[in-house]
Amino acid sequence: TTLFRSNVVTTIAEDETEKKFEAEDCTKESMMAAKEYKDYMAFFTGNTLETSKTYVGEGTVMANPKNQSITVLFDKAEPKHGQIDGFNLDNDEDLAAFMEWKNIPMQEKIDDFRENICMIYGRDEIIMAMMLVIFSSLEFTFNAAHQKGWVEGIFIGDSGQAKSKVVERITTYAGVGAIIGQNCSVAGLIGGNEQYRDQRYITWGIMPRNNKGLIFLDELQEFRIDVISALRTVRSTGIATINKMKGGQHEAKCRLICAANPKDRKSMAEYQYGAESLTGIMSAADIRRFDLACFLAEDDVDKSVINQRAKNTTPRISRKVFQTAILWAWSRKEEQIVFTDEVTQAILDTAKSISEMFNTDVVPLCNTADMREKIARLVCALAAFLGKTPDNEQLIPELADVKSIEKFLTDAYKKASVGLDQLAKDRRKETTIDDEQINHLLSLINSEKETDKKKYGKMMPIMKNLVDADLRATDIMSCVG
């Protein structure tokens with residue numbers, strides 16, 4: 001009996017060498033043990049299989065008569081339902097682990113990960129950001145509309161700021177996620193076609209294979225433009241599409257963490273506003289799709305804080321407790337996630353205040369049009385991280401979660417080394433015209449002074465039209481001279 005994805009056969013745990021698992025196929029045991037996945041050519045004698053599903057099949061292993069390669073012939077296949085969808089707290093061990101997690105206060109959780117798992121000091125914000133990504137839901141209903149639930153975050157900053165180390169240590173401790181480096185291609189990330197004799201077959205990439213799981217893209221600044229462009233649609237829709245001779249679609253709803261250095265080996269200090277560092281590695285359309293960003297400058301943390309001696313004590317949060325909490329969060333269904341009217345209104349109000357403070361078309365992390373959905377995703381993730389459930393089934397965010405997310409984003413984006421608020425202010429000055437400028441223009445338009453008429457006479461009708469049209473201040477003032 002073998003676990004396989006249609007067109008690709010996958011053996012189970014042949015060699016425990018690789019620290020990852022496919023999220024859809026995970027079991028509690030697979031989160032504890034690593035696996036190596038191998039692809040073999042397979043043939044199925046029954047009805048056509050769907051390329052977007054995983055199956056458990058029975059068949060015969062044989063040698064290909066042409067080249068003696070391993071080939072599998074299946075005559076039975078049943079869809080496999082992963083541990084995530086079927087997880088519940090119906091046994092005492094899992095219930096005890098979840099209750100232990102639920103009863104640990106947020107700051108004590110962060111302290112434990114800092115001191116005993118990551119052993120990275122002065123960077124609590126990226127530990128918290130990691131938790132918001134890991135504990136995010138797949139989907140929920142918010143403000144009477146179905147919403148994407150999985151969170152996407154990016155860490156950008158100077159080299160040596162522990163961006164990758166924090167992610168790797170947390171994902172290794174949890175036993176979840178796939179780490180992808182800079183040499184990844186579109187085929188490796190999304191999927192492509194392989195040919196066997198005169199037949200073409202779909203081979204799905206890392207993201208579809210980790211559907212409902214976690215992906216870490218490291219050294220994003222080195223990714224080719226075509227790879228980042230291919231990610232754009234997948235990130236928005238959660239669907240990987242192959243438009244080739246053998247085409248197909250596969251769910252790819254992946255919680256996403258990216259890490260990057262500023263482009264062209266720049267330091268964060270070289271930017272007037274650290275937030276602008278994102279513009280060097282991706283377009284505004286790609287930046288806008290991130291729910292949160294952490295900017296890490298070398299001078300943010302005092303050297304004495306960074307160079308602390310590690311306590312190296314046993315973590316209070318065991319692997320079992322952490323993994324159970326993740327499985328509980330990942331298995332929450334849309335109907336189990338409830339936003340009360342009070343929390344919904346608080347999210348809408350917070351989205352308005354955050355976007356007013358940080359919205360700019362240069363670095364559109366807080367775009368007015370989608371800020372409410374971003375806040376809702378982060379609030380839901382925080383509630384799951386804290387175990388906000390009255391019955392161990394429903395996930396119900398609270399007002400305190402909204403306040404915490406508002407503070408987290410404000411602190412992250414208002415840092416002196418980031419300056420997203422100041423960048424937004426400066427951009428607004430360029431793109432809007434204030435009352436003082438309007439009055440100055442009107443005084444020139446209506447001026448009876450001969451000197452003004454002589455200097456601006458031919459421009460008066462144009463200036464008046466610009467004022468009436470409420471165009472960009474820079475356009476108007478350039479006409480004034």
Side-chain angles (χ1 to χ4, degrees), residues 5 20-27 30-31 52-54 79-89 98 129-153 171 174 176-178 190 204-217 231 233-241 249-258 289-292 323-339 347 370 372-389 392-397 401 405:
R5 195 177 301 277
K20 71 176 185 179
F21 71 97
E22 291 191 13
E24 279 194 313
D25 309 327
C26 74
T27 63
S30 72
M31 294 181 78
S52 59
K53 288 187 177 179
T54 301
K80 183 179 186 300
H81 301 289
Q83 175 68 17
I84 292 175
D85 293 330
F87 180 81
N88 53 54
L89 300 173
F98 180 72
M130 270 296 298
M131 297 304 164
L132 292 174
V133 174
I134 290 175
F135 281 86
S136 59
S137 302
L138 280 184
E139 53 196 2
F140 51 72
T141 298
F142 170 73
N143 201 25
H146 173 83
Q147 300 291 347
K148 159 192 167 184
W150 65 93
V151 169
E152 300 179 0
T171 54
V176 302
I190 308 300
W204 292 110
I206 294 293
M207 292 189 74
R209 290 192 180 197
N210 279 272
N211 181 41
K212 302 181 182 179
L214 175 70
I215 297 286
F216 173 42
L217 303 182
L231 274 172
T233 302
V234 180
R235 290 174 61 196
S236 296
T237 64
I239 301 292
T241 302
Q249 291 187 327
H250 194 303
E251 276 196 351
K253 298 175 180 178
C254 299
R255 300 161 180 90
L256 180 66
I257 278 287
C258 301
R289 284 166 170 78
F290 283 104
D291 298 294
L292 60 87
Q323 292 163 355
T324 300
I326 293 173
L327 275 175
W328 181 84
W330 286 12
S331 60
R332 294 311 89 194
K333 298 178 175 59
E334 182 172 3
E335 62 270 16
Q336 294 175 315
I337 300 171
V338 180
F339 290 90
I347 289 173
D370 36 44
R372 59 188 180 279
E373 286 87 3
K374 292 184 180 184
I375 298 290
R377 282 192 282 272
L378 296 172
V379 167
C380 184
L382 179 59
F385 174 60
L386 299 176
K388 296 290 183 72
T389 173
N392 296 335
E393 294 291 336
Q394 287 187 312
L395 173 59
I396 305 180
D401 304 321
I405 292 301

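- Counting heavy atoms from C-beta outward, Thr241 and Thr233 have side chains that stay 4.5 Å or more apart.
- Counting heavy atoms from C-beta outward, Trp150 and Lys212 have side chains that stay 4.5 Å or more apart.
- One finds the CH2 atom of Trp330 at 8.5 Å from the OG atom of Ser136 (value rounded to the nearest 0.5 Å).
- Side-chain contact between Thr389 and Phe98 is present, with at least one heavy-atom pair separated by less than 4.5 Å.
- Arg372 contributes no side-chain N or O that, together with a main-chain N or O of Ile347, makes up a donor-acceptor pair within less than 3.5 Å.
- For the side chain to side chain contact (heavy atoms under 4.5 Å, CB included) test with Leu138, the passing option among Arg255, Arg332, Lys333 is Arg255; the others fail.
- Using a 4.5 Å cut-off on side-chain heavy atoms (C-beta onward), Cys380 and Phe142 make no contact.
- Residues Ile337 and Thr141 form no side-chain contact, since every pair of their non-hydrogen atoms from C-beta on lies 4.5 Å or further apart.
- Using a 4.5 Å heavy-atom threshold, the side chains of Val151 and Arg377 count as touching.
- Checked options Leu231, Val234, Leu217; the residue passing with Leu256 is Leu217 (criterion: side chain to side chain contact (heavy atoms under 4.5 Å, CB included)).
- Interatomic distance, CG of Asp401 versus NZ of Lys388, reported as 3.5 Å (0.5 Å rounding).
- Annotation: side chain of Thr324 is in contact with side chain of Leu89 (closest heavy-atom distance under 4.5 Å).
- Residue pairs meeting the salt bridge (charged side-chain N to carboxylate O under 4.0 Å, His left out) criterion with at least one partner in residues 137-151, sequence neighbours excluded, are Glu139-Lys253, Lys148-Glu152.
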